[in-house]
A.B. asks: 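To start, I am sharing the structure in question, which I have written as structure tokens.
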2 protein chains.
Amino acid sequence: MKKTLSSNPNIRLVQSKQDCGHCDIEHLCISAGMDEDSEEFNEIVKTSDSFDARERIFKRSDTVTSLYVIQSGAAKSQTTNADGRHQVVGFYFPGDLVGIETIAIKKHPCDVFALEKTWLCEVPFEKLEHLCAEHPSLQHEMFMRMGERIYHDEYSCLLRRDETADKRVLSFITELYKKLEGSKYIKGTSIHLPMTKTDLSSYLGLQPETLSRTLKHLQAKGYIVNSASQIEILDFEGINQVVEN
Amino acid sequence: MKKTLSSNPNIRLVQSKQDCGHCDIEHLCISAGMDEDSEEFNEIVKTSDSFDARERIFKRSDTVTSLYVIQSGAAKSQTTNADGRHQVVGFYFPGDLVGIETIAIKKHPCDVFALEKTWLCEVPFEKLEHLCAEHPSLQHEMFMRMGERIYHDEYSCLLRRDETADKRVLSFITELYKKLEGSKYIKGTSIHLPMTKTDLSSYLGLQPETLSRTLKHLQAKGYIVNSASQIEILDFEGINQVVEN
DNA sequence: CGAGGCTTTGAGGGTGATCAAAAAGTGTGG
DNA sequence: CCACACTTTTTGATCACCCTCAAAGCCTCG
């Protein structure tokens with residue numbers, strides 16, 4: 001049986017990763033919202049075992065009572081349509097919250113898969129709520145996180161809806177570049193992509209063939225250099241002009 | 001000068017609407033999340049003057065420091081692209097929160113227009129945060145509201161992205177029917193639409209012509225009856241089959 | 001009653017989907 | 001380390017859906 005966080009409540013804790021004080025993404029975590037030292041936060045957090053690439057982290061319809069923070073690695077969430085086709089809903093990187101889309105409906109609307117070796121922190125939602133009530137700064141951080149997510153969803157969604165394949169691809173690339181700046185996914189002007197091109201095409205609402213052709217054509221125009229799991233940005237200026245219009 | 005809530009801080013209060021205890025959508029308001037009587041909530045809420053149909057409620061880039069609850073009426077939010085075309089991002093009905101998409105960026109990403117005579121309640125966000133910290137049930141209500149919105153955004157977006165015009169239109173109709181059930185917008189199996197068909201087409205990511213043709217064709221198939229500002233649902237069963245596949 | 005926006009209808013064109021198949025990459029086990 | 005199976009990506013050809021442009025009717029509101 002595959003382990004998933006929700007089917008296996010007795011998660012093997014990785015003690016060395018347990019202490020928030022030693023976490024290397026502390027500044028990206030919601031605990032960064034706490035004024036005082038995050039000792040209390042540390043106490044409610046559980047650290048999960050790691051997940052290998054392609055391993056399922058959450059199963060659709062699983063009951064959720066926690067939020068999860070990506071500590072290291074990357075993940076994708078995807079649904080399966082009635083006719084069996086998959087659709088990628090989002091990608092998650094270190095510091096991102098997995099599960100705020102579930103707190104109202106209390107179950108995963110999607111399967112979530114690790115894209116590479118990935119570690120998560122589990123934050124039991126009910127305990128988080130209590131802590132939020134005692135620490136206004138943490139409550140504020142949560143509101144801000146959720147507000148950002150709503151803003152992003154409503155705008156990235158919009159963006160992609162009516163735009164051409166060129167624009168969708170270019171704006172995805174530049175947004176991701178900004179988001180991951182300073183992380184191990186960025187080397188100079190190159191972005192390492194942990195997801196497959198097929199996943200990316202699904203996320204962008206395109207067919208794999210269309211994404212392939214689009215990347216080729218964007219490379220021919222000199223905007224980017226496309227390779228297996230990496231995209232190099234050549235012409236930020238030119239890309240911005242395409243995206244803005 | 002057009003009055004907007006944010007350009008005119010000295011809002012004329014409508015005293016008769018001021019008291020939360022007499023609000024006819026109290027059960028839809030975030031104050032419904034409060035265990036005790038909502039006296040304290042009542043104290044922080046400001047009620048705005050009403051807005052006429054087509055009147056602008058918020059201007060894009062306006063600074064925001066409050067959330068707003070639609071007390072009565074309906075509104076749309078829309079952006080303007082670089083090339084001047086408008087794009088409708090969302091519709092708001094009684095009980096809906098306008099402004100949670102702004103709390104992280106602190107300004108309106110969109111213009112918001114009244115679709116008909118509309119009343120709003122203003123809830124200063126900072127005061128709301130303080131109240132949330134004192135009343136865990138209110139904090140919980142806010143988390144649930146935001147979680148629902150994220151869930152809806154990520155799913156309605158998904159839904160519309162790859163689906164045919166038929167599916168987009170039918171799922172919009174049935175979702176709206178469910179959402180507005182029991183309100184004045186629903187009479188039997190008919191939905192009154194406060195927005196224009198052009199607004200709706202924009203929201204659905206279609207051209208007005210395409211929406212017009214789609215509605216005609218869905219009527220020919222016997223799913224709905226289409227008229228000026230009303231859509232009657234004839235075949236719930238059949239519609240579900242179309243949407244699910 | 002007139003002006004303006006909204007909706008409908010028609011004809012033609014383009015972007016991206018679909019289908020098919022080859023090429024390249026990835027992981028596994030011997 | 002290589003061979004094999006499998007997945008992912010690419011390429012090509014054709015097609016469908018929706019967009020675009022144009023214009024006429026319709027409704028709403030001043």
Side-chain angles (χ1 to χ4, degrees), chain A residues 52-55 76 78 81 83-88 113-117 160-170 172 192-221 224-231 242 245, chain B residues 52-56 76 78 81 83-88 113-117 160-170 172 192-221 224-231 242:
Chain A
D52 288 330
R54 290 183 307 286
E55 199 174 351
K76 66 170 176 181
Q78 67 177 23
N81 292 349
D83 53 355
R85 284 181 320 176
H86 301 305
Q87 193 142 336
V88 173
F113 292 91
L115 295 170
E116 56 186 27
K117 189 90 171 174
R160 284 203 294 272
R161 196 166 59 185
D162 282 338
E163 302 299 351
T164 60
D166 280 17
K167 280 196 198 179
R168 293 190 218 184
V169 171
L170 289 178
F172 173 81
H192 167 74
L193 300 173
M195 73 293 280
T196 66
K197 296 274 170 68
T198 305
D199 285 340
L200 180 53
S201 70
S202 172
Y203 178 69
L204 294 173
L206 300 170
Q207 293 300 309
E209 297 94 323
T210 304
L211 177 61
S212 172
R213 277 186 258 264
T214 302
L215 288 171
K216 192 181 177 182
H217 148 250
L218 291 174
Q219 175 164 331
K221 287 217 167 185
I224 59 169
V225 177
N226 176 36
S227 61
S229 60
Q230 192 160 312
I231 288 182
V242 173
N245 277 291
Chain B
D52 288 330
R54 290 183 306 285
E55 198 173 352
R56 181 159 65 186
K76 66 170 175 180
Q78 67 178 23
N81 293 347
D83 53 353
R85 285 180 319 174
H86 301 305
Q87 194 142 336
V88 174
F113 292 91
L115 295 170
E116 56 187 27
K117 189 90 170 174
R160 285 203 295 273
R161 194 167 64 187
D162 282 336
E163 302 299 352
T164 60
D166 280 19
K167 280 195 197 181
R168 292 190 219 184
V169 171
L170 289 178
F172 174 81
H192 168 75
L193 299 174
M195 74 292 282
T196 66
K197 295 273 169 70
T198 303
D199 285 339
L200 180 53
S201 70
S202 172
Y203 177 69
L204 294 174
L206 300 171
Q207 294 300 310
E209 298 94 323
T210 305
L211 177 61
S212 171
R213 279 185 258 263
T214 302
L215 287 170
K216 192 180 176 185
H217 147 249
L218 291 174
Q219 174 164 332
K221 287 214 168 186
I224 59 168
V225 178
N226 175 38
S227 63
S229 61
Q230 192 160 312
I231 287 181
V242 173

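Please read these numbers as outputs of a predicted model, since none were measured by experiment.
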A.B. asks: Could you check A/Lys197, A/Lys216, A/His217 and say which one makes a side-chain hydrogen bond (donor to acceptor under 3.5 Å, both in side chains) with A/Asn226?
C.D. replies: A/Lys197

A.B. asks: Does the side chain of A/Gln207 reach to within under 4.5 Å of the side chain of A/Ser201, using non-hydrogen atoms?
C.D. replies: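 When only atoms from C-beta onward are counted, A/Ser201 and A/Gln207 do not touch, as no gap falls below 4.5 Å.
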
A.B. asks: Under 4.0 angstrom, heavy atoms only, what part of the nucleic acid is B/Asp166 near: base, sugar-phosphate, or nothing?
C.D. replies: nothing

A.B. asks: Does A/Arg168 make a side-chain donor-acceptor contact with the base of C/dG16, cut-off 3.5 Å?
C.D. replies: no

A.B. asks: Kindly say if B/Asn226 contacts the phosphate of C/dT8, meaning a side-chain N or O under 4.0 Å from OP1 or OP2.
C.D. replies: yes

A.B. asks: Could you tell me whether the phosphate oxygens of D/dT11, OP1 or OP2, come under 4.0 Å of any side-chain nitrogen or oxygen in A/Lys216?
C.D. replies: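 The answer is yes; a side-chain N or O of A/Lys216 sits under 4.0 Å from OP1 or OP2.
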
A.B. asks: Taking A/Val169 as the fixed residue, which of A/Thr214, A/Val242, A/Ile224 is the one that meets the side-chain contact (heavy atoms from CB on, under 4.5 Å) rule?
C.D. replies: A/Thr214

A.B. asks: Mind calculating the distance between CG (B/Leu193) and P (C/dC6) to the nearest angstrom?
C.D. replies: 15 Å

A.B. asks: Estimate the overall bend of the helix from C/dC1-D/dG30 to C/dG30-D/dC1 from the end axes over five pairs each, rounded to 10 degrees.
C.D. replies: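 For the helix from C/dC1-D/dG30 to C/dG30-D/dC1, the axes at either end differ by 60°.
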
A.B. asks: Look at the side chain of A/Thr198 and decide which nucleotide, out of C/dT9, D/dG12, D/dT9, has an atom nearest to it.
C.D. replies: D/dT9

A.B. asks: When the nearest nucleotide of DNA chain C is assigned to A/Leu206 and to B/Thr210 on a heavy-atom basis, which residue is associated with the more 5' position?
C.D. replies: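 First, find each residue's nearest nucleotide; the 5'-ward one identifies B/Thr210.
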
A.B. asks: What are the two closest non-hydrogen atoms of A/Ser202 and A/Gln87, and how far apart are they?
C.D. replies: OG-CA, 3.3 Å

A.B. asks: Return the minimal non-hydrogen interatomic distance between B/Glu116 and B/Ala53, and the atom names on each side.
C.D. replies: CA-CB, 3.7 Å

A.B. asks: Hey, is the side chain of A/Arg54 pairing donor to acceptor with the base of D/dT8 inside 3.5 Å?
C.D. replies: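 When only heavy-atom distances are counted, A/Arg54 does not reach the base of D/dT8 through any donor-acceptor pair under 3.5 Å.
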
A.B. asks: Just the rounded figure in Å: distance from C1' of C/dG5 to NE2 of B/His86.
C.D. replies: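 Rounded to whole Å, this separation is 12 Å.
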
A.B. asks: Would you kindly check whether a donor in the side chain of B/Glu209 faces an acceptor in the base of D/dC21, or vice versa, at under 3.5 angstrom?
C.D. replies: yes

A.B. asks: Are B/Thr164 and D/dC17 close enough that a side-chain N or O sits under 4.0 Å from OP1 or OP2?
C.D. replies: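 False: B/Thr164 side-chain N/O out of range (4.0 Å or more) of D/dC17 OP1/OP2.
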
A.B. asks: Looking at the side chain of B/Ala165, which of C/dT18, D/dC18, C/dG10 is the nearest nucleotide?
C.D. replies: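 Given the options C/dT18, D/dC18, C/dG10, the side chain of B/Ala165 is closest to D/dC18.
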
A.B. asks: In sequence, state the C-alpha distance, the side-chain angles, and the governing distance for B/Leu215 and B/Ile231, and then conclude on side chain to side chain contact (heavy atoms under 4.5 Å, CB included).
C.D. replies: CA-CA 9 Å; B/Leu215 287 170; B/Ile231 287 181; 4.0 Å; yes

